[in-house]
Amino acid sequence: MQQTFILEKFMGLSSFLIVLLALVLFPPFSLSSPRSSLSEGSSLSVERPTDVLISANGVFSAGFYPVGDNAYTFAIWFTKPLPDGNGTLVWLANRDQPVNGKLSKLSLLKDGNLVLTDAGRSVFWATNTISSSSVQLLLHDTGNLILRTSNGTVLWQSFDSPTDTLLPGQPLTRRTQLISSRSRSNYSSGVYKLFFDDDNVLRLVFDGPETSSIYWPDPWLSADEAGRSKYNDTRIAAFDDSGHFLSSDHLEFRAADFGTGPRRRLVLDFDGNFRLYSFEEQTGDWVVSWQANSKACRIHGACGLNGMCRYDAGSGRKCLCLPGFRMKDPTDWSHGCEAETELSCNHNEFTFIKLSNADFFGYNIHILKNYTLERCMETCLNSCDCKGFHHRFNASSGVYDCNPKWTLRNGHWSLSLPGDLYVKAPKTASSSDEKALEKFKLDCLGTANKQLDRIYRRRHESRLLTSLIWFACAVGCIEIVTVFLVWWFLHRTTSPDFSEAMGGGYLPAATGFRRFTYDELKQATRGFSEEVGRGGSGVVYKGLLCDGRVAAIKRLNETNRGEVDFQAEISTIGRLNHMNLIESWGYCIQGKHKLLVYEYMENGSLAENLNNKTLDWDRRFQIALGTAKGLAYIHEECLEWVLHCDIKPQNILLDSNYQPKVADFGLSKLLNRGGGGGNNSDFSKIRGTRGYMAPEWIFNLPITSKVDVYSYGVVMLQMATGKSPTDVVLDINGHAGEMGQRTLIKWIREKVNTSVTMESWIEEIVDPVINGKYDAQEMQILITVALKCVEEDKDARPTMTQVLEMFQHHESN
Ligand SMILES: *[C@@H]1O[C@H](CO)[C@@H](O)[C@H](O)[C@H]1NC(C)=O
Ligand SMILES: *[C@@H]1O[C@H](CO)[C@@H](O)[C@H](O)[C@H]1NC(C)=O
Ligand SMILES: *[C@@H]1O[C@H](CO)[C@@H](O)[C@H](O)[C@H]1NC(C)=O
Ligand SMILES: *[C@@H]1O[C@H](CO)[C@@H](O)[C@H](O)[C@H]1NC(C)=O
Ligand SMILES: *[C@@H]1O[C@H](CO)[C@@H](O)[C@H](O)[C@H]1NC(C)=O
Ligand SMILES: *[C@@H]1O[C@H](CO)[C@@H](O)[C@H](O)[C@H]1NC(C)=O
């Protein structure tokens with residue numbers, strides 16, 4: 001076996017030499033140095049691939065870009081291709097009218113006009129500029145294509161007419177707007193726009209074929225409530241090299257990786273979300289460093305008329321037609337769904353289909369207060385216009401509100417939505433439709449959609465010749481080194497571990513999520529010898545994987561879950577990817593053995609660090625923020641089925657910089673679901689840990705993501721005060737008693753309410769370990785937010801996203 005192995009290495013070596021030879025004989029790069037400008041009277045031809053302007057720093061290219069069969073646009077893109085070989089376009093001249101792949105030209109005429117002509121000589125696009133002096137077209141290092149005269153006057157620049165992208169330093173003004181692409185691969189103008197509205201507020205609008213509606217900032221908020229100002233009529237917005245965005249309406253944000261370094265672009269994506277991307281050198285791909293809407297289904301027009309939207313961690317969002325409806329255009333959701341049979345006005349032909357935790361935004365016929373379900377149904381049945389209604393309990397008035405709707409648009413599901421939706425459907429709508437709908441609703445990841453969203457895309461195939469050659473070079477080099485190493489190894493000693501690892505094909509190409517064998521993990525943990533933690537779901541061991549990574553390996557307690565089910569859900573967990581969640585590297589299922597493999601955190605858990613002086617206030621506040629981000633991601637992004645259900649200091653791990661990572665998410669579901677079904681009643685068994693458990697568990701109320709919010713609140717109170725909700729302490733009157741979370745919460749509430757000044761209550765409750773070194777404002781916001789999180793009534797608690805918003809609001813002040 002070793003011989004064939006060495007043979008392979010030598011074959012690799014020879015292939016490397018061939019590639020090297022090829023490189024010398026046929027250099028892949030043009031020898032003529034690329035130009036960054038075009039002078040008067042010359043042109044770029046669609047037929048010559050070398051007719052490309054490249055900025056002096058090499059970052060941007062401008063030229064003809066293929067957008068379809070024999071269809072080209074004149075565009076600017078990042079020179080470096082993505083791992084899949086595609087370019088990242090930043091500007092297009094003629095997105096809605098591509099030119100022919102033959103004879104088309106971009107010419108800089110003597111009179112100063114820049115024109116794009118199609119094969120038939122007709123002008124498809126022009127700058128319509130005139131100049132008597134000589135002119136030059138220059139691709140600047142910033143990605144700005146500039147037409148300027150010899151004395152430096154700018155006649156035209158691409159920064160003044162953005163398509164869907166802003167680059168650092170490129171302003172969005174009263175005269176410009178961003179228009180999304182039609183789809184990922186169709187670059188023509190889509191249905192979403194970013195613009196300064198008449199009231200000076202920067203907004204996103206869905207401008208569809210039939211309707212148009214603003215969805216960002218949230219339409220039910222006033223400009224003030226959304227943190228915007230209507231009173232600065234400058235109407236200008238831009239972001240700088242460090243990733244700091246500022247708009248004249250007071251919208252301001254920073255990239256998650258704030259600071260100069262990575263290249264960035266701000267894009268109105270085809271799905272209607274407005275995102276800031278940063279380029280990650282390691283993966284060679286773009287990652288999202290800010291986005292306008294964390295809830296993909298809140299974006300209007302997502303699923304069209306009579307369509308329902310559900311967030312899907314794989315594809316971003318997923319659409320489904322209401323029961324009794326079918327997709328109008330099977331290739332395009334924006335056209336929505338149409339009734340399978342025309343609805344008449346006859347009472348007896350209808351039935352109502354109930355969808356819990358769902359709503360359609362807007363289009364209410366009336367808002368009827370104090371209506372029972374029966375009365376609401378009757379009202380809707382009696383009205384031909386009524387297509388369905390929303391019925392929900394209004395806690396502030398203590399009665400049910402009924403909202404009949406005359407059209408069903410912008411439908412979405414979210415467990416955070418109160419109330420039920422009843423849709424009028426023909427009696428013929430089969431119950432299987434309904435079942436399919438329910439299944440879809442609960443299927444957070446389901447079968448991954450055809451296109452994975454960029455954010456989640458990790459692995460790529462390389463298509464470009466250049467990347468292939470570079471790859472071959474790299475492989476060749478590695479092989480030479482490997483051959484040498486192997487030779488050295490064989491002559492030194494025979495190492496069974498090493499050759500077994502190679503022979504078994506177990507050197508993963510990249511850090512991917514994968515299945516391990518039981519023997520592998522047994523070896524990694526040296527027979528499960530070093531225990532580092534123990535919890536309800538199993539025991540955690542420290543282990544060394546054969547690729548040298550240190551891992552935390554969790555041996556799950558016996559479960560009754562089938563292998564297929566288990567594998568499906570475990571891969572879901574593997575795909576959740578966030579800097580504040582523990583990264584999963586793989587799993588093992590073999591007979592009764594079920595194990596999970598995670599990254600190992602040197603600094604242990606929050607619980608181990610709480611009484612430690614190294615955990616200063618700054619770190620504590622960062623832990624509060626990071627934990628909230630991790631939880632908001634699992635709750636809102638992937639929807640609530642990945643409830644954590646066991647938030648406690650033991651499950652918040654700290655990396656080397658004391659940044660928190662939430663561990664054990666997804667396990668509640670993984671371990672306890674008996675086959676089928678999958679609604680909230682799955683959570684029939686009390687779960688969680690005493691001291692951190694929400695009242696819903698005790699009173700047998702519906703379990704929602706708010707149970708995690710509650711536990712998060714308790715942990716935050718504990719972190720700020722240093723008092724554990726499970727400790728036995730002397731109470732306020734000096735009697736020994738169990739502190740318990742309620743006592744802790746009550747104690748803090750009393751201090752906050754009875755103290756005269758903020759400073760005085762903070763002083764009384766703050767953890768003495770911090771030694772008075774804290775930021776009073778941060779302390780105040782943390783306690784205020786935490787107290788909201790631990791409200792007895794789950795509806796009074798904020799969602800994790802709202803928690804984040806409260807923190808961020810404070811940060812920006
Ligand atoms: C890459 O480009 C091709 C052809 O333009 C297109 O079909 C494909 O969808 C693109 N891939 C991505 C991920 O955008
Ligand atoms: C450049 O020349 C144009 C006329 O071609 C003139 O209008 C303009 O003022 C000049 N600009 C500068 C900066 O000299
Ligand atoms: C892109 O979308 C537009 C608008 O829907 C359509 O007219 C055009 O044919 C599409 N182009 C391609 C290449 O699919
Ligand atoms: C309006 O916004 C611009 C751009 O952000 C800023 O420079 C200017 O100071 C603002 N004006 C007022 C009155 O706030
Ligand atoms: C709601 O309606 C019922 C019956 O119509 C009435 O008895 C009750 O007082 C109403 N409640 C409120 C709060 O208006
Ligand atoms: C609940 O009812 C009150 C009083 O009628 C009303 O002001 C409020 O807007 C209602 N809340 C919602 C969410 O509809």
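Nothing here was measured: the structure is a model prediction, and the numbers come from that model. Start at 1 and go down the list; that is how both ligands and their atoms are numbered.
- Within 4.0 Å of ligand 4, the residues that place a heavy atom are Asn232, Thr234, Ile236, Ser248, listed by chain and number.
- Here's the thing with Asn370: one of its N/O atoms is less than 3.5 angstrom from an N/O atom of ligand 5.
- Partners of Thr211 by side-chain hydrogen bond (donor to acceptor under 3.5 Å, both in side chains), not counting sequence neighbours: none found.
- Salt bridge present: Arg182 and Asp332 bring a charged side-chain N and a carboxylate O closer than 4.0 Å.
- SG atoms of Cys309 and Cys319 are separated by 2.5 angstrom or more, inconsistent with a disulfide link.
- Residues satisfying the salt bridge (charged side-chain N to carboxylate O under 4.0 Å, His left out) criterion with Glu338, sequence neighbours excluded, are Arg326.
- Taking 4.5 Å as the limit, some side-chain heavy atom of Asp164 sits within range of a side-chain heavy atom of Arg95.
- Cation-pi geometry between Arg184 and Phe270 is not met: the NZ or CZ atom fails to fall both under 6.0 Å from the ring centre and inside 45° of the normal.
- Residue-ligand proximity, Asn186 to ligand 3, at heavy-atom distances under 4.0 Å covers atoms 1 (C), 2 (O), 3 (C), 8 (C), 10 (C), 11 (N), 12 (C), 14 (O).
- Counting the atoms of ligand 3 from 1 in the order shown, those under 4.0 Å from a heavy atom of Ser188 are 1 (C), 2 (O), 3 (C).
- Residues that satisfy the salt bridge (charged side-chain N to carboxylate O under 4.0 Å, His left out) test with Arg121, not counting sequence neighbours, are absent from this structure.
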